[in-house]
Amino acid sequence: MALLEVKNLTKNFANTQVLRGVSFSLERGQVLAVIGSSGSGKTTLLRCLTGLEKVDRGTIILPEGGSLGLVFQSFNLFPQYTALENVMLAPSLKKDKSKEQLKAEATELLAQVGLSNRANNYPWQLSGGQKQRTAIARALALKPEILCFDEPTSALDPELTGEVLRTIRGLKEKGHTMIVVTHEMEFAKCVSDVVIFMDQGVIEEMGPPEQIFNNPTSPRTEKFLRAAREGF
């Protein structure tokens, strides 16, 4: 049985239909990459899945008690808190663990993303890549069934992109289920189990990365990938 089932998802903003009957499923441990041009509905899909936007029609089916975590492209760290405190904050609101437990778990998560030596730094003392890795640790702190990324490298300089992509690859190796909206085609090709190409609010094509990138069946997919290879 699929960990996540999305059926006929529809979302409108005023008179604009942004999602038009999107359906797919995701198995536990899979990484789904979502690619497509700006305005194709990728970010809106993530926001609907994570409850930040209310869908107009359709269903999102998760196991009872299941949840999705979201890592924003702009980090959204609280500037008044250290990296460690940012990771501790959301779990502390549940009031079911001691401060010592919360600190130990947050410390372990920062170690997992390679930031043990930055735990007491504030966001202004971190590079863009370090901020994004802190945001990943923060999302993991709530133990979501599925971790979602919205263009996790778009706000980063090219030299910082690699460290974030390596972190996501490490999460895949640990068996995390993930949905990654990305413009990094090579990364999507290497790390994903399934690729969705969205165009004008619909899933134009879906399949394993080898098929999507090497032998797309849709002319729209082929045109998008050709433009991506040529740098738009």
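- At a threshold of 4.5 Å between non-hydrogen side-chain atoms, the residues Pro63 and Leu3 count as touching.
- Heavy atoms from other residues, nucleotides or ligands lying under 6.0 Å from CZ of Phe13 number more than 12.
- The pair Glu205-Arg220 does not count as a salt bridge, with every side-chain nitrogen at least 4.0 angstrom from each carboxylate oxygen.
- Of the possible polar contacts, one joining the Lys11 side chain to the Lys54 backbone as a donor-acceptor pair under 3.5 Å is found.
- The shortest heavy-atom contact between Pro91 and Asp96 is O-OD1, 4.3 Å.
- A single hydrophobic cluster is seen to contain both Leu52 and Leu46, as judged by linkage of ILVMFWY side chains at heavy-atom distances under 4.5 Å, directly or through other members.
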Full working for side-chain hydrogen bond (donor to acceptor under 3.5 Å, both in side chains) between Ser23 and Asn8
CA-CA 5 Å; Ser23 300; Asn8 199 34; 5.1 Å; no

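- Considering only heavy atoms from C-beta on, Val194 stays 4.5 Å or farther from Phe24 through its side chain.
- Salt bridge annotation for Lys189-Glu210: absent, with no cationic side-chain nitrogen under 4.0 angstrom from a carboxylate oxygen.
- No side-chain heavy atom of Leu110 sits less than 4.5 Å from a side-chain heavy atom of Arg118.
- In this structure, the side chains of Leu9 and Arg57 stay at 4.5 Å or more apart for every pair of heavy atoms.
- Side-chain contact between Thr134 and Val87: present, with at least one pair of heavy atoms (C-beta onward) separated by less than 4.5 Å.
- With rounding to the nearest 0.5 angstrom, the CZ atom of Arg20 is 10.5 Å from the CG atom of Asn12.
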Between Val22 and Met198, is the side chain to side chain contact (heavy atoms under 4.5 Å, CB included) condition met? List the steps.
CA-CA 9 Å; Val22 171; Met198 291 192 67; 4.1 Å; yes

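- To the nearest 0.5 angstrom, Met88 atom CE is 8.5 Å from Thr82 atom OG1.
- Using a distance-only test at 3.5 Å, with no hydrogens or angles considered, a donor-acceptor pair links the side chain of Ser40 to the main chain of Ser37.
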Walk me through whether Ser154 and Gln73 qualify under side-chain hydrogen bond (donor to acceptor under 3.5 Å, both in side chains).
CA-CA 6 Å; Ser154 65; Gln73 58 180 298; 2.7 Å; yes

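- Two residues are said to be in side-chain contact when any heavy atoms from C-beta on lie closer than 4.5 Å; Ser192 and Val195 meet this criterion.
- The shortest non-hydrogen separation linking Arg28 to Glu145 is NH1-OE1, 2.9 Å.
- Ion pair Lys143/Glu105 flagged as a salt bridge, since at least one NZ, NE, NH1 or NH2 atom sits closer than 4.0 Å to an Asp/Glu carboxylate oxygen.
- The distance from the CG atom of Leu115 to the CG atom of Asn121 is 9.0 Å, given to the nearest 0.5 Å.
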Can you list the steps and then say if Glu204 with Ser218 is a side-chain hydrogen bond (donor to acceptor under 3.5 Å, both in side chains)?
CA-CA 7 Å; Glu204 177 68 19; Ser218 164; 2.7 Å; yes

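- In this structure the side chain of Cys148 reaches within 4.5 angstrom of the side chain of Ile146, judged on heavy atoms.
- Using a 4.5 Å heavy-atom cutoff, the side chains of Leu19 and Thr10 are not in contact.
- Taking each heavy atom of Leu160 and Gly129 in turn, the nearest pair found is CD1-N, 3.8 Å.
- Contact record, Ala33 with Ala188: CB-CB, 3.8 Å, taken as the closest heavy-atom pair.
- Residue Phe75 holds its CZ atom at 10.5 Å from CD of Gln130, rounded to the nearest 0.5 Å.
- Residues Pro216 and Leu225 come closest through the heavy atom pair CG-CD1, 4.4 Å.
- Listed for the Arg133 side chain is a donor-acceptor partner under 3.5 Å among the backbone atoms of Val113.
- When atom types are taken as modelled, the side chain of Lys42 and the backbone of Gly36 share a donor-acceptor pair closer than 3.5 angstrom.
- Atom CG of residue Leu77 and atom CH2 of residue Trp124 lie 14.5 Å apart, to the nearest 0.5 angstrom.
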Donor-acceptor contacts under 3.5 Å from residues 165-184 side chains, at least two apart:
residue : atom : partner : partner atom : Å
Thr167  : OG1  : Glu163  : O            : 2.9
Lys172  : NZ   : Val191  : O            : 3.2
Lys172  : NZ   : Asp193  : OD1          : 3.2
Lys172  : NZ   : Asp193  : OD2          : 3.2
Thr177  : OG1  : Gly29   : N            : 2.7
Thr182  : OG1  : Glu184  : N            : 2.9
His183  : ND1  : Glu151  : OE1          : 2.6

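- Minimum heavy-atom separation, Asn86 to Pro123: ND2-CG, 4.2 Å.
- Linking ILVMFWY side-chain heavy atoms closer than 4.5 Å, directly or via other members, places Leu45 and Met206 in a single hydrophobic cluster.
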Decide yes or no on side chain to side chain contact (heavy atoms under 4.5 Å, CB included) for Phe149 and Val34, but give the supporting numbers first.
CA-CA 10 Å; Phe149 295 85; Val34 185; over 6 Å; no

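- A distance of 8.5 Å separates CG in Leu147 from CG in Leu70, rounded to the nearest 0.5 Å.
- Ring centers of Phe197 and Phe224: under 6.0 Å apart, within the cut-off.
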